[in-house]
2 protein chains.
Amino acid sequence: MNDLTDRQKLILTLVIHEYIKSAQPIGSQYLVERFKLDMSSATVRNEMSALTEMGYLRQPHTSAGRSPTEEGYRYFVGNLAQRSDLPENTRRTITHQFYQSRQDVEQWLRLAASVLAYQSRAASLVTAPHPEQARFKHLELIATRGRQVLLVLVLVGGDIQQQIITLAEPVSQEQLSAVAAHLTQVCQNLDAEGIRAILAQSDALEKDVLDVVMGQMSRTDRFATGDVYLDGLTNVLAEPEFSGSEDARRALRLLEERSLLDNLLSRTVMTISPGGVQVLIGGEGTWDELRQCSVVLARYGLPGFATGTLGVLGPMRMSYGHTISTVRFISALLSDLMSETLVD
Amino acid sequence: MNDLTDRQKLILTLVIHEYIKSAQPIGSQYLVERFKLDMSSATVRNEMSALTEMGYLRQPHTSAGRSPTEEGYRYFVGNLAQRSDLPENTRRTITHQFYQSRQDVEQWLRLAASVLAYQSRAASLVTAPHPEQARFKHLELIATRGRQVLLVLVLVGGDIQQQIITLAEPVSQEQLSAVAAHLTQVCQNLDAEGIRAILAQSDALEKDVLDVVMGQMSRTDRFATGDVYLDGLTNVLAEPEFSGSEDARRALRLLEERSLLDNLLSRTVMTISPGGVQVLIGGEGTWDELRQCSVVLARYGLPGFATGTLGVLGPMRMSYGHTISTVRFISALLSDLMSETLVD
DNA sequence: TTTAGCACTCTCCATGTGAGAGTGCTAAAA
DNA sequence: TTTTAGCACTCTCACATGGAGAGTGCTAAA
């Protein structure tokens, strides 16, 4: 596969670079002049012709310049894009924002989505962290009004689930607290299966509560199941290749529609190496909604305790180097923040 | 203002009706044929001419049909649109969905956004309910991991705020429970001001906690401040008048950008009469982002306890009758659901 | 292997033309 | 006084035409 000459790599890189900026097909003569290349346009043309033959470039029409194919982007991301770190002052600014914000996971995730969207000028998504396998840690029941009770479930790893349940009849806060304290004791460190075993020795009220608890815990075992923070959706609409096309709408629907997003994440996220970044280009033949788009994904959090996913969705014509650096940086930053507050 | 003849009202209604369906300017002859009108196209033309003169219709070009102006839509919504209820079976289906869902305010709001978006084929928004003035009801502190503590604050009216705080040093769950129980007792029914008075007699840990509590409570006093559920954003992009235009992007940014949304809601929501529906057409000269859009808003909830806002954002060319009915119905349904679960 | 030169292709834009839709006006009819 | 038929007029839209320009592919020479 890596059968490109240095000159071909150079030209592919330059075409991609310029195309990302202009969204216009790039001509041979333009490249020579713009970069003062030490060769003639005819030579560039020959190389371009070869790259087209190999499937890395495409010609919209016989007499237009070249634009990258999906395969071209893939080669670029895999072999050519330099993994530059973000500039020091950008990193400092972002870090500062996080440390200035409220010390609260939810705020961090919101902020992460916002920063990702701003830095990449594309749509961003961040899923709330949750443990790979849910284990019970603490339960609290709080009467709110009437038969409505707030159930707060804390899992090992710090994941928090809350849900309002409506009881058959009003129960006093004292009773609720007693039930919660009892269950907290007997369920300590159990997973959903373990809790099912306890059901037998429970009264009606406890059974109701445990049903909800098990529901929450088993829901936690899947990917992308909790809250999802989105930002910058409108950034994508500003891209010229999406103006007035169906494609942008379909891509954004992917983010809006929970089931589509779950499908995407559950099928890709598990293959990401720790600390690594996954890049999907043009839907990879699987996701039709992403035909014109690319997605950059990473995991963050503390493996073994709680992890989440974050990423960016933008046009295929995106600045991969910068986006990948940003995603990796935010992912590491979130992981650091989480581990800091979790240190005993 | 109400100086239209019955025939002019009829023609204005028909033009709006047809324009909403076709997004194309409507001609006189078409109207006569389509609706078998008991007059000639020339008569219709004369009336259209008068309506144009009055500012209710517009001609894109000298020799095109007529389309409604913002003023025309306003007259229509204010005087002509019949306030039909939703069909019985639609109402039943929707109600059924709500009663089948988890008995949980959050689920209801999500579902409300989803139903609104589906019914109106436009973007929907639903803000979480919160009390008009925040009053303390219950506090719970739960150790999660390390110095991280989950603070759950329940307000009178059932509004729930949660936040994770990071303490200076680890504190045992027993201590936390004791603090929470003590504060729950002394803060009972106080507003943010009342709690400030307690600060003086508190130790360092309690001060930290109360700071957060007051922050949450004062944030609750504003409109639209809590969670916002959005759905159907991509519906708007499908409308022909938005294909490839800047306008859709700017309108959706209004929903995405919290500060813009807060501004919109805080300036309009307070004027809505109870049970009523507010319709903003074309930004009403104030919101430039909404130039091509209309917004239908209503309040829901239990006045005095907790209320929220819900609504629909779509193209100006929207089916007002149906949208208004839907918004009103969902608003009433949410209110009913809330009052049912809150009955002591 | 690279390059200069050149014919060729295709888009884009400006221009022009005819068909069609819809109007506004006028004068006759109700 | 109101309504209508008739008709000229206007404007858009779709389509065809014709350079200008950009960029290519090929060939033959360096």
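By convention in this document, chain letters (A, B, ...) are assigned in the order of the sequence lines, proteins followed by strands, and residues within each chain are numbered from 1.
The distance from atom CG of B/Leu37 to atom P of D/dT4 is 11 Å, rounded to the nearest whole Å. As rounded to whole Å, 18 Å separates atom P of D/dG23 from atom CG of A/Leu51. Rounded to a whole Å, the OH atom of A/Tyr30 is 14 Å from the P atom of D/dA22. What separates CD1 of B/Ile11 from P of C/dT23 is a distance of 11 Å, to the nearest Å. In this structure, CG of B/Leu31 is placed 16 Å from P of C/dA21, rounded to the nearest angstrom. Rounding to whole angstrom units, CE of residue A/Met48 and P of D/dG23 are separated by 10 Å. The interatomic distance linking A/Glu53 (CD) with D/dC26 (C1') rounds to 15 Å, in whole Å. Atom P of nucleotide D/dG23 and atom CG of A/Asn46 are separated by 17 Å, given to the nearest angstrom.
Mapping B/Pro60 and B/Glu47 onto DNA chain D by nearest heavy atom places B/Glu47 at the nucleotide closer to the 5' end. The nearest heavy atom of DNA chain C to B/Gln29 and to A/Ala42 marks one nucleotide each, and the one closer to the 5' end goes with A/Ala42.
A donor-acceptor pair shorter than 3.5 Å can be found between the side chains of B/Tyr30 and B/Glu18. If you check the side chains of B/Thr93 and B/Thr90, you find no donor sitting under 3.5 Å from an acceptor.
Nearest nucleotide to the A/Arg45 side chain, out of C/dC10, D/dT24, D/dC11: D/dT24. Listed candidates were D/dA22, D/dT3, D/dC26. Nearest to the side chain of B/Thr43 is D/dT3. The side chain of A/Arg7 approaches C/dT2 more closely than any other nucleotide in the set D/dT4, C/dT2, D/dC11. The side chain of A/His61 has C/dT11 as its nearest neighbour among C/dT11, D/dT24, C/dT23.
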Residues B/Gln278, B/Thr268; criterion side-chain hydrogen bond (donor to acceptor under 3.5 Å, both in side chains); working and verdict: CA-CA 8 Å; B/Gln278 168 99 334; B/Thr268 56; 5.3 Å; no

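When all heavy atoms of B/Ser124 and B/Ala113 are compared, the pair lying nearest together is OG-O, 2.6 Å.
The base of D/dT4 lies outside donor-acceptor range of the side chain of B/Ser40, with no N or O pair under 3.5 Å. If you check distances only, the side chain of B/Ser63 does reach the base of D/dT10 with a donor-acceptor pair under 3.5 Å.
Base pairing of D/dA28: its partner is C/dT3, meeting the Watson-Crick or G-U wobble criterion (both donor-acceptor distances under 3.5 Å). Using the Watson-Crick or G-U wobble rule with both distances under 3.5 Å, D/dG18 pairs with C/dC13. D/dC9 is paired with C/dG22 under the criterion used here, namely a Watson-Crick or G-U wobble arrangement in which both key atom distances are under 3.5 Å.
The pair A/Arg253-A/Glu256 does not count as a salt bridge, with every side-chain nitrogen at least 4.0 angstrom from each carboxylate oxygen.
Distances shorter than 4.0 Å separate none of the side-chain N or O atoms of B/Thr62 from OP1 or OP2 on D/dT10. Put simply, B/Gln24 has no side-chain N or O that comes within less than 4.0 Å of OP1 or OP2 on C/dA21. Residue A/Arg66 places at least one side-chain N or O under 4.0 Å from the OP1 or OP2 atom of D/dT24.
Within 4.0 Å of B/Ser41, counting heavy atoms only, lies no atom of the nucleic acid at all.
A 6.0 Å sphere centred on CG of A/Asp38 holds no more than 12 heavy atoms belonging to other residues, nucleotides or ligands.
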